[in-house]
Amino acid sequence: MPAQPTGPTPTRFAFLGPEGTFTEAALRSLGPPSEGGAVPAPSVPAALAMTRAGEVDAAFVPLENSVEGSVSPTIDGLAGGEPLVITREAFLEVDFVLAVRPGTALAGVHRLASHPHALAQTRGWVAAHLPAAEVVPAASTADAARLVAEGAHDAAVCPAFAATRYGLEVLADRLADTPGAVTRFVQVERPGRLPAPTGADKTTLTCFVADRTGALLDLLTEFASRGISLTRLESRPTRERLGVYSFSVDCEGHVADRRVGDALVALHRLCDEVRFHGSYPRADGRAAAAVPERFADDAFGTAEGWLDRLRHGSAD
Ligand SMILES: O=C(O)C(=O)C[C@]1(C(=O)O)C=C[C@@H](O)C=C1
C-alpha cells in the first residue's frame, strides 16, 4: 500500500452557525474543539470559503439527510472552486421543537422560520398545527431561533438546544414527520491530508461527463465491474446550460484500494473531468461488505504481474 500523506489534524473549524445548529452538535460529538477552535459561519459557502482562504483548518458542514436528501450548497461547493477534500464524516439523529419567545401561544404564531431542510422534515406537523402561518426560510435552524429571540419571527423550528441557547420556550416537541431522521455531516479540508484506509471507507467524487447517450451507464459500469458499491449518486446542473449535469458520487472503498484506484483511472479516461473529494473512514456503523476475491488487491496484483510478464516476452 502506498504511504499516506499526513499533515497536522485540524484544530480550527468553521461550522454552519450560529451557535446551536445541528452542525455544531455534530462537530462537538466528535470531541470538544480546542478553545476558540469552533468558528460559526453564516452559511455553508462561507464556511468553505474560510477553509479555502486558510482562515480555518477545516469546514464542518451538512451533506445529506435521510429524509430530505442532499444539501445542495455543500455538494455544489465541493464540485466547483479550489479543490477541497473530505477527511471525516459524522451522523446525527435530528428532531425538532417549536420554539417561541416566552409567553407566546400557538395562536400567536403567524410567522414561522427555519432552515429549508428542517421545514421540509416538519411539513406535515406545520400543516396540521399551523396551517395559516407564513413559513420563512432561514440560514440555519439556530439562526431562525436567534431571529425569533430578536422578534423578527414568532416561532422557529429548531433543535431543543437552540431554544435553550436563545432563551426561547418550547411549545411543542417531536415535530419531525419521519422520526429517526439522520443527517450526515462532513469535515472538509484543503488537500494534503489523506486518512489511512481502515477497511470500511468511503470515497467522494464529482464526475463531469459529456452530454451523450449512455454516459451515466458507462460511468456506473466502471464501479459495478470492479465490485464497488455506491452509497450516494446524484446529478447536479453544471450551470452551463439546461440538460448538462455533473454526477456527485460516494462509493465504498479507499483510493488506496486497488479496485477503487483502477476505477478512478478508468473514470479519468471516460469523463471530461473527475474531481476527487477524498477517501475517509465511514461513520455510519455499517461494516464494509466483504470484497469478493476477484476484486481484492491481490487479484489486481496477480493480473498486473501477468500483464508485465506478457510485455516482457512470456506467454503466461
Ligand atoms: O440548521 C441547522 O441546524 C443545520 O445544521 C443544517 C441542517 C441541514 O442542512 O440539513 C442540518 C440538519 C437538519 O436536517 C436541518 C438543518
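Because the structure is a prediction, the values reported are computed rather than measured. When a ligand or atom number is given, it counts from 1 through the structure's own listing order.
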For [X], take its heavy atoms, then give the atoms of ligand 1 lying under 4.0 Å from any of them.
{"X": "Leu16", "answer": "4 (C), 6 (C)"}
{"X": "Ser140", "answer": "1 (O)"}
{"X": "Thr23", "answer": "4 (C), 5 (O)"}
{"X": "Asn65", "answer": "14 (O)"}

Short N-O contact, [X] and [Y], less than 4.0 angstrom:
{"X": "Arg311", "Y": "Asp308", "answer": "no"}
{"X": "Asp177", "Y": "Arg123", "answer": "no"}
{"X": "Arg282", "Y": "Glu252", "answer": "yes"}
{"X": "Glu19", "Y": "Arg165", "answer": "yes"}
{"X": "Arg184", "Y": "Asp250", "answer": "yes"}

Distance from [atom] to nearest protein heavy atom, with residue and atom:
{"atom": "atom 8 (C) of ligand 1", "value": "His115 CE1, 3.6 Å"}
{"atom": "atom 12 (C) of ligand 1", "value": "Thr183 OG1, 3.4 Å"}
{"atom": "atom 10 (O) of ligand 1", "value": "His117 CB, 3.3 Å"}

Distance-only N or O hit between ligand 1 and [X], under 3.5 Å:
{"X": "Phe22", "answer": "yes"}
{"X": "Thr141", "answer": "yes"}
{"X": "Thr21", "answer": "no"}

Pairing donors with acceptors under 3.5 angstrom, does anything connect the side chains of Glu234 and Ser248? no

Taking the six-membered ring for Trp, are His129 and Trp125 parallel (under 30°), tilted (30 to 60°) or perpendicular (over 60°)? parallel

May I ask whether Gln121 places a heavy atom under 4.0 Å from ligand 1? yes

What closest approach, in Å, do Ala41 and Met50 show between heavy atoms, and which atom pair accounts for it? CB-SD, 3.9 Å

